[in-house]
Amino acid sequence: MAGLNQDVAVLAKKKQASKTWMVLDNEGEKRVLEVDKYAIMHRVGIHARDLRILDPLLSYPSTILGRERAIVLNLEHIKAIITADEVFLRNPADEFVIPFVEELCRRLPTKGSDSLGHEGSEGEGKELDGPGKGATWSPQHEKQDDNTPGKDAPPFEFRALEVALEAICSFLDARTTELETNAYPALDELTKKISSRNLDRVRKLKSSMTRLNARVQKVRDELEQLLDDDDDMADLFLTRKRGDGSSSPTGSSDAPTSPTIASRASWVSKGTGAISLNHGTATATDSDDVEELEMLLEIDSTLNKLTTLREYIDDTEDYINIQMTVRRKNKFRAAVL
């Protein structure tokens with residue numbers, strides 16, 4: 001009996017230690033896993049300290065870590081582990097995470113996959129008209145004519161990372177817009193009527209703005225550091241490190257040699273084998289950084305909104321202080337008279 005109770009206690013402890021993860025693969029399929037931290041650490045090849053920053057109960061700043069077999073992503077509510085062919089996501093039922101999951105399911109599958117060819121298989125063998133007359137139609141023929149075949153897609157890990165960064169930028173921008181919507185009318189109301197209620201309302205909004213500004217700045221710094229450091233970018237290139245034929249036999253890293261590596265993704269000029277988060281040509285040119293800059297500009301735009309709001313709050317505070325000083329002087333003058 002004692003042995004049975006001990007076994008039940010062990011099972012209960014294991015169940016309590018298990019965490020819920022949602023796993024999305026490169027076909028956009030998702031499934032839910034109930035596993036403990038050791039199973040996750042073994043599966044993706046990370047240490048306990050890396051897994052700890054994804055704990056929703058602990059407060060860690062926004063971080064993007066490149067490991068040998070995984071990318072550890074802690075950006076606000078998005079806490080994920082990205083491998084070369086899977087995304088492990090914590091808190092998939094969170095109201096802010098659900099839209100991110102939906103976007104991953106939409107964008108992770110490579111366009112021009114097998115479903116494209118097999119769905120239209122009843123027309124296979126049909127003779128083509130026009131300039132290609134005499135040739136035989138096949139799903140492969142249609143893929144070659146498509147501008148977005150699977151071989152042109154960026155590596156899985158970069159598609160997932162790009163979706164996460166875009167989601168965080170959009171989330172923070174939405175929070176900023178929401179704060180602006182509440183703050184500007186409250187500030188205008190305070191200038192019209194100075195009261196304890198209005199002052200307390202503005203004080204709370206200012207505190208919210210300060211916290212949000214720190215969060216946005218941290219994400220901005222993390223993104224800029226990532227894009228500026230070629231070594232960090234190389235650490236994120238999991239497909240290459242896994243050896244999916246992306247390296248040439250001579251060890252050269254000047255250009256991709258496998259169709260699984262995106263020819264639309266640009267390579268850094270130092271030849272480290274790192275891949276940037278933009279879609280461009282396979283050579284390093286000035287235009288290759290366009291989408292990187294767009295992502296930075298988006299987060300900078302959010303910071304500019306918060307800066308403008310802070311200046312407006314400071315101006316309102318100066319105005320209120322002047323008004324209060326005038327009132328005190330008038331009361332003092334009336335008391336003297």
Side-chain angles (χ1 to χ4, degrees), residues 21-28 30 44-46 50 53-54 60-90 92 96-97 99-111 152-172 218-242 244 246 256 260-262 264-268 272-280 288-299:
W21 293 82
M22 176 174 284
V23 184
L24 296 95
D25 60 23
N26 54 12
E27 296 297 330
K30 56 186 178 181
V44 301
I46 62 174
D50 296 329
I53 70 173
L54 302 180
Y60 281 91
S62 295
T63 308
I64 302 174
L65 299 176
R67 294 297 182 251
E68 184 63 29
R69 291 164 47 199
I71 299 171
V72 181
L73 195 66
N74 177 37
L75 294 174
E76 295 288 322
H77 54 277
I78 298 179
K79 301 178 184 298
I81 302 172
I82 302 173
T83 69
D85 44 29
E86 289 180 317
V87 176
F88 296 79
L89 195 63
R90 288 296 307 270
F96 297 121
V97 178
F100 172 60
V101 174
E102 293 173 350
E103 187 68 8
L104 281 175
C105 293
R106 186 180 71 85
R107 292 173 56 179
L108 285 183
T110 305
K111 295 182 180 179
D152 286 338
F156 173 85
E157 63 270 23
F158 280 88
R159 298 203 306 276
L161 181 58
E162 185 177 36
V163 173
L165 292 174
E166 289 178 2
I168 286 303
C169 290
S170 299
F171 172 80
L172 292 174
K218 177 57 182 172
V219 172
R220 203 270 181 203
D221 292 343
E222 192 69 22
L223 180 58
E224 184 178 31
Q225 179 182 355
L226 173 68
L227 296 177
D228 285 348
D229 194 315
D230 293 347
D231 292 334
D232 286 348
M233 293 297 290
D235 286 339
L236 302 185
F237 198 173
L238 306 178
T239 302
R240 185 182 184 85
K241 290 192 289 186
R242 192 174 64 175
D244 282 2
S246 58
T260 63
I261 303 302
R264 286 159 47 195
S266 67
W267 298 69
V268 294
T272 60
I275 189 169
S276 58
L277 293 176
N278 61 299
H279 299 199
D288 289 338
D289 297 328
V290 170
E291 289 199 17
E292 292 179 0
L293 292 175
E294 285 179 353
M295 200 170 292
L296 285 174
L297 287 173
E298 184 176 351
I299 200 74

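Excluded from the calculations below are hydrogen atoms, water molecules and symmetry mates; all remaining heavy atoms, backbone and side chain alike, are included.
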Closest contact, heavy atoms only, [X] versus [Y]:
X: I299; Y: C169; result: CD1-SG, 4.2 Å
X: V44; Y: A70; result: O-CB, 3.7 Å
X: P92; Y: V97; result: CA-CG1, 4.0 Å
X: T83; Y: F156; result: O-CD2, 3.4 Å
X: T239; Y: P155; result: OG1-CB, 3.6 Å
X: S62; Y: E76; result: OG-N, 3.9 Å

Are any of the side-chain heavy atoms of [X] and [Y] separated by less than 4.5 Å?
X: L236; Y: L226; answer: yes
X: V87; Y: M22; answer: no
X: L65; Y: I53; answer: yes
X: V72; Y: T63; answer: no
X: L89; Y: F100; answer: yes

Worksheet item: Going by the angle between their ring planes, with limits at 30° and 60°, are F88 and W21 parallel, tilted or perpendicular?
Response: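 Correct class here is perpendicular.
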Discussion item. If the condition is side-chain hydrogen bond (donor to acceptor under 3.5 Å, both in side chains), which residues does R69 pass it with, not counting sequence neighbours?
Written reply: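 R69 satisfies side-chain hydrogen bond (donor to acceptor under 3.5 Å, both in side chains) with no residue once adjacent residues are dropped.
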Worksheet item: Can you list the residues that meet the salt bridge (Lys or Arg N to Asp or Glu O under 4.0 Å) rule with E224, with sequence neighbours excluded?
Response: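 Checked E224 against salt bridge (Lys or Arg N to Asp or Glu O under 4.0 Å); matches are R220.
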[X] side, atom [atom1]; [Y] side, atom [atom2] - distance, nearest 0.5 Å:
X: E298; Y: I168; atom1: CD; atom2: CD1; value: 11.0 Å
X: D50; Y: I71; atom1: CG; atom2: CD1; value: 12.5 Å
X: E68; Y: I46; atom1: CD; atom2: CD1; value: 13.5 Å
X: R90; Y: I78; atom1: CZ; atom2: CD1; value: 14.5 Å
X: L161; Y: L238; atom1: CG; atom2: CG; value: 9.5 Å
X: L223; Y: D228; atom1: CG; atom2: CG; value: 9.0 Å

Worksheet item: Charged N to carboxylate O below 4.0 Å: is that the case for E103 and R106?
Response: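 Looking at R106 together with E103, the answer is yes, because their closest N to O distance falls below 4.0 Å.
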Any donor and acceptor pair, going by atom type alone, linking the side chain of [X] with main-chain N or O of [Y] inside 3.5 Å?
X: K241; Y: R67; result: yes
X: E222; Y: I64; result: yes
X: N74; Y: P61; result: yes

